[in-house]
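Heads up: the structure comes next, in structure tokens.
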Amino acid sequence: MDNVIMNKSPQFIGFKNYSAVLSDTVFIVALKNTAMFIASSVVAHMIIGLFFAILLNTKLLPNWLLTIFRTLFVLPWLLTVAIIAVLWRLILNPNGIANYLLVTLGIIDQKQEWLSDPSTALIALCIINIWAGYPFFMISLLAGLQGIPSQLYEAAQVDGAGPFRQLISITIPQLKPILISMALLDVIWTSQQFALIWMTTGGGPIDKTEVLPTYTYKLAFSSYHFSTASASAVIILFLSMMLAALYVRHQKASN
């Protein structure tokens, strides 16, 4: 655990750095936060993306209104991570629009420090990531919806199936390969999310939003413990390789 810059005669210590990382309480917290961050983001991306995709694929709305919705719904995907971070820091500021609306509507009694409060920081961060990532799901699922034969829905209507039954029996089964592929990709991408977290909370307050990428970064460039940071990076690489292997295996199975 000695600072590698100060150690003029480094020695090989085997797996001690890995043991130090795996036994570190902050690493365990970061691992749990990462799991919660990934799970909430992926599930919400799928649900919100599918909902908006179905909305944009409907024939009940006029074309001009669908054009407006497409523009608004895809907007988060067009913004860079830096802009998203600054935008949401302003929105969630104690004097921002989020507190103003919630206080005005009587949902909360007083202004909140959403990104600085340990009880709300991780939730707020998940909401930001969900907002920034759902357009990818929406666009991909919209393309999938447009590829489903209309004859399936016509036959279901003849048999008396309602909208919900059509969703369960036709839409979701037809989109299953796309949903699985996108979910695996989203797990990989979300697990590597660093810039958004670093520019909004920096892993704080008191490690409440600490995730594996920020934990590793702090070890290397805040504490200058490059040896343990390298061990942490290798652990993250191993986990990423497992996820990538699952994705490749699914792609081979679906072909």
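Side-chain atoms are counted along with the backbone in the values below, which use heavy atoms only and exclude waters and symmetry mates. We're numbering straight along the sequence, starting at 1.
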Is there a side-chain contact between [X] and [Y] in this structure, where contact means two heavy atoms from C-beta onward sitting under 4.5 Å apart?
X	Y	answer
Tyr217	Ile197	no
Lys32	Ile28	yes
Ile47	Phe51	no

Is there a path of hydrophobic side-chain contacts, each under 4.5 Å between heavy atoms, that joins [X] and [Y]?
X	Y	value
Ile178	Ile172	yes
Leu237	Leu239	no
Val42	Tyr134	yes
Met241	Tyr18	no
Val29	Phe37	no

Heavy-atom pair with the smallest gap, counting every atom of [X] and [Y]:
X	Y	value
Val21	Ala231	CG2-CB, 4.1 Å
Ala98	Leu92	CB-CD2, 4.0 Å
Val74	Pro135	CA-CB, 4.1 Å
Leu115	Arg89	CD1-CG, 3.9 Å
Pro213	Ile236	N-CD1, 4.2 Å
Ala229	Thr216	O-CG2, 3.4 Å

(request) Take Ser230 and Val234 through the side-chain contact (heavy atoms from CB on, under 4.5 Å) test and state the conclusion after the steps. (result) CA-CA 6 Å; Ser230 299; Val234 171; 5.5 Å; no
More than 12 heavy atoms of other groups within 6.0 Å of [X] [atom1]:
X	atom1	result
Arg70	CZ	yes
Leu90	CG	yes
Asp109	CG	no
Met36	CE	no

At what distance, to the nearest 0.5 angstrom, does [atom1] of [X] lie from [atom2] of [Y]?
X	Y	atom1	atom2	result
Thr214	Asn33	OG1	CG	8.5 Å
Met199	Trp88	CE	CH2	15.5 Å
Ser41	Leu125	OG	CG	8.0 Å
Leu50	Leu141	CG	CG	6.0 Å
Tyr215	Asp207	OH	CG	10.0 Å
Leu101	Ile107	CG	CD1	8.5 Å

When you measure from the side chain of [X] to the backbone of [Y], do you find a donor-acceptor pair of N or O atoms at a distance under 3.5 Å?
X	Y	result
Thr34	Leu212	yes
Thr120	Trp114	yes
Ser19	Phe15	no
Ser140	Phe137	no
Asn57	Leu142	no
Thr71	Thr67	yes
Ser116	Glu113	no
Asn99	Asn93	yes

(request) Test side-chain contact (heavy atoms from CB on, under 4.5 Å) on Phe52 and Leu55 and set out the steps. (result) CA-CA 5 Å; Phe52 285 144; Leu55 178 63; 4.3 Å; yes
Using a 3.5 Å cut-off and no angle test, enumerate the donor-acceptor pairs between side-chain atoms of residues 179-196 and protein atoms at least two apart in sequence or in another chain.
from   : atom 1 : to     : atom 2 : distance (Å)
Ser181 : OG     : Pro177 : O      : 3.0
Ser181 : OG     : His250 : ND1    : 3.3
Ser181 : OG     : Gln251 : OE1    : 2.8
Asp186 : OD1    : Thr190 : OG1    : 3.3
Asp186 : OD2    : His45  : ND1    : 2.7
Thr190 : OG1    : Asp186 : O      : 2.7
Ser191 : OG     : Val187 : O      : 3.1
Ser191 : OG     : Ile188 : O      : 2.7
Gln193 : NE2    : Asn129 : OD1    : 3.2

(request) Look at the rings of Tyr224 and Phe226 and say which category their plane angle falls in: under 30° parallel, 30 to 60° tilted, over 60° perpendicular. (result) tilted
Atom pairs and distances, side-chain donor-acceptor, residues 160-171, under 3.5 Å, sequence neighbours left out:
from   : atom 1 : to     : atom 2 : distance (Å)
Arg165 : NE     : Ser169 : OG     : 3.2
Gln166 : NE2    : Ala161 : O      : 3.1
Ser169 : OG     : Arg165 : O      : 3.2
Thr171 : OG1    : Tyr153 : OH     : 2.7

(message) Does Leu22 form a side-chain contact (heavy atoms from CB on, under 4.5 Å) with Ile235? I'd like the steps, not just the answer.
(response) CA-CA 9 Å; Leu22 293 174; Ile235 293 173; 3.7 Å; yes
(request) With sequence neighbours left out, write down each residue that passes salt bridge (charged side-chain N to carboxylate O under 4.0 Å, His left out) with Lys208, or none if nothing qualifies. (result) none
